[in-house]
There are 4 protein chains.
Amino acid sequence: MHNHNIQKKKPGRPKLTNDSNITRDQILQTASYLFMTFGYEGVSMEQVADASNVTKASVYYYFKNKATLFTIAVSSMFRRIKIQTDKLLNSSNGLKHRLYEVTFEHLIRPHIDFETLLQEASLSLTEEHIQEIRTAENEVHQALENIFKQAMENGEIVVKNPLLLAHAFSTVTMIRNKKELIIELGGPEKTAQALVDLFWVGIGPK
Amino acid sequence: MHNHNIQKKKPGRPKLTNDSNITRDQILQTASYLFMTFGYEGVSMEQVADASNVTKASVYYYFKNKATLFTIAVSSMFRRIKIQTDKLLNSSNGLKHRLYEVTFEHLIRPHIDFETLLQEASLSLTEEHIQEIRTAENEVHQALENIFKQAMENGEIVVKNPLLLAHAFSTVTMIRNKKELIIELGGPEKTAQALVDLFWVGIGPK
Amino acid sequence: MHNHNIQKKKPGRPKLTNDSNITRDQILQTASYLFMTFGYEGVSMEQVADASNVTKASVYYYFKNKATLFTIAVSSMFRRIKIQTDKLLNSSNGLKHRLYEVTFEHLIRPHIDFETLLQEASLSLTEEHIQEIRTAENEVHQALENIFKQAMENGEIVVKNPLLLAHAFSTVTMIRNKKELIIELGGPEKTAQALVDLFWVGIGPK
Amino acid sequence: MHNHNIQKKKPGRPKLTNDSNITRDQILQTASYLFMTFGYEGVSMEQVADASNVTKASVYYYFKNKATLFTIAVSSMFRRIKIQTDKLLNSSNGLKHRLYEVTFEHLIRPHIDFETLLQEASLSLTEEHIQEIRTAENEVHQALENIFKQAMENGEIVVKNPLLLAHAFSTVTMIRNKKELIIELGGPEKTAQALVDLFWVGIGPK
DNA sequence: AATGAATGAGTGTTCATTCAT
DNA sequence: AATGAATGAACACTCATTCAT
């Protein structure tokens, strides 16, 4: 630790960057939850700060502006979802059961339609912001698509267009917002079951 | 609702009041379009006024506040949709074709997820506002449910839960927001076709 | 005043535009004083509002933003100065006395170097704003130039470059800021006198 | 000022403290340039830090606050100017040529009216800060005054009030801000020439 | 019926400043 | 000596709402 040390010790307080920047992560977690719950305009920077137990100025210390915070928050959320979805791909269960699990997870987690959210936010986002989010979002869809492709190869399902299927499936799980419907159908488990069944057999006469 | 009194034409010169509904209707039409495009917080009363070619104060002359304007605008929009959907019920085409038509119409009309919109707006709405909107929305779902019930009785489709089906169906058509997907699939006609097919045969092995 | 009246009476509250919009004028007067005293960044919109006895939002009702308020305020100030300067042109006094009067007026009115002010503000102004201000400013210089030209034709003065003279003269009167110097010289009257003398005879040996 | 102790080299290894004045001097140099270019409020501590290649906190390590930084920066700038002006006093050229040189130097160096700058900053400065700056500024004026006095004694010029002359002269060189005028007059050399001429012969009839 | 004027409360953002390291 | 983290106070600007006309 003396001056003889060859590794140049950087002056000043060391950064927290690498292992864990707790405050920054806390803000991101809070922000993504709030944005997914109340929309872009529906969430103020002060709300994010309060819910993160920091001051508004601290949020700005870590994120240049609201659009940037939004972009990073939802992108990292997508990355978490992608990882979770990838795990399913390697699970040993049959596809139908795995679909049930994805559906169930979606139903119990409260958030809003992402396309709608993005459309609202896009008034304030730059083209780069949108591209960054789209990239993260696509990774999730590709993960889903992979599950479907794998199932096709296994002969588990018959499908013409796996990409459309991935989108349709992730859209349908949006039904989660309709709390009353879920209650009427007997809770999220039964609703998830019924949705997957619907997807599985279709509605046409056999 | 007020324009339906076809009978009982009042004697004498009609009041100007009737004409002025033109302004009111103009505002409503404009408002519902804007709200469905940019969300609740994304639309200001000034935008509504400007797009309606009136002043902000005029909007307040007809509607007590933003929440009320929103409630009336989306409710009357739902009523228009319900009427359109009801027409389908009486159409002589097969169900599959009628579903295609509904899907296609949704795909080309630009608007955002209604549940998401309502969730965002609900921060500013009273319980009564929400109830009024839900009532109007349910009428649309019931109209869809009726179509499915009729098809079940005709033996056209096999379905366990027509209510879930109605929701799932109206949710899936939300895919409309994903412009790029639609382009990739070859335009709205083909996308609509593929979606209905997916719904019709399901994905499970036969 | 009945509907039969051919002149279409405009609906709503009549505008105050033409004869006198008191509030707007009050804000402009206040703003130009504050800007000339404390600079662009040194004056907040709230200060302008408070000093004008209106709310901040009212200032924004009349002026789109701070840059616009600044532009209009200083431009209209220049227009007032130009009018005053033009009056001098037609005065019957000799040039030297008229210069004394201009100088004296400048010395007692407190404000800062306009070029400096503009340079500071220019970070926030658009090119159009700057052009508008320059135009108004030039009118003042031209009015001064005219005085000098007239004097040249009368043989009152000998000058090579009336434009430079106009600028130099209006710049020198900036000495007004140096309160202590003015006091040391025996007040604004004597200072004005000394300044004009300096300009008149120059410093070179005769 | 601190680098002038050429004599008395201390024995042993010199303290790092001496070297570090490089950082401090760098900040001062940067700060005075920025303040003279963008005004007091127009420059943020972060800008100063960035332009000096240090962090904001480092600026605070050397200077208690913005007002202090400003005071020291402009005072040391005045001291540099005074030294430069003193050199002129001992130059062998005639006064007219020396005035031309001063004027030319001013015209090409970009900065704003100091009185205006000080007036803007004075809202944030203590009385002591202002006094300190005034003292440094006065030294410059006295240096100019000395040049004029010397010229009077030599019979080069005829002047009633050398102090006013010093102020008037340093004020007139402010014309530098008017870039367009300078261009119109054929560049800084010709403008400087014309200005000195104007001062030299005055405008009155001979 | 319709409008110009006016405002209070809030929003995104910046900035000078402090402090532990 | 130098820095990353954090903050309170202010600022420009917006917006839903009210009111006299």
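Throughout, a chain's letter reflects where its sequence line sits, starting with A, and its residues are numbered from 1.
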Kindly point out which of [options] is positioned nearest to the side chain of [X]?
X: C:Thr23; options: E:dA6, E:dC19, F:dA12; answer: E:dA6
X: C:Ala57; options: E:dA16, F:dG4, E:dT7; answer: E:dT7
X: C:Asn65; options: F:dC13, E:dG4, E:dG8; answer: F:dC13
X: D:Ser44; options: E:dA16, F:dC13, F:dT14; answer: E:dA16
X: C:Gln47; options: F:dT18, F:dC11, F:dT3; answer: F:dC11

Tell me: [atom1] of [X] to [atom2] of [N], nearest whole Å?
X: D:Glu46; N: E:dA16; atom1: CD; atom2: P; result: 9 Å
X: A:Asn53; N: F:dA5; atom1: CG; atom2: P; result: 19 Å
X: C:Glu41; N: E:dA16; atom1: CD; atom2: P; result: 11 Å
X: C:Ile27; N: E:dT7; atom1: CD1; atom2: P; result: 9 Å
X: B:Lys56; N: E:dA5; atom1: NZ; atom2: P; result: 12 Å
X: C:Tyr61; N: F:dC15; atom1: OH; atom2: P; result: 16 Å
X: A:Tyr60; N: F:dG8; atom1: OH; atom2: C1'; result: 15 Å

Review point. Hey, which of these two, B:Thr55 or A:Met45, hits DNA chain E nearer its 5' end, going by closest nucleotide?
Key: B:Thr55

Check your understanding: Would you say a side-chain N or O of A:Tyr62 is under 4.0 Å from OP1 or OP2 of F:dG4?
Key -> no

Practice item. If the plane angle is over 60° it's perpendicular, under 30° parallel, otherwise tilted; pick one for B:Tyr40 and B:Phe35. Key: parallel

Check your understanding: Do NZ/NE/NH1/NH2 and the carboxylate oxygens of B:Glu46 and B:Lys66 come within less than 4.0 Å?
Key -> no

Practice item. Give one of base, sugar-phosphate or nothing for B:Ser58, where a contact means two heavy atoms less than 4.0 Å apart. Key: base

Exercise for review: Just call it for B:Val43: base, sugar-phosphate, or nothing, with non-hydrogen atoms closer than 4.0 Å on any strand.
Suggested key: sugar-phosphate

Review point. Are a donor atom and an acceptor atom from the side chains of C:Thr30 and C:Gln26 found within less than 3.5 Å of each other?
Key: yes

Review point. In terms of side-chain heavy atoms, does C:Thr68 have a donor or acceptor partner in C:Thr71 at a distance below 3.5 Å?
Key: no

Study note, to complete from the structure: Dot-bracket assigned to DNA chain E with the 3.5 Å Watson-Crick/G-U criterion, [ ] for crossing and | for other-strand pairs, is .||||||||||||||||||||

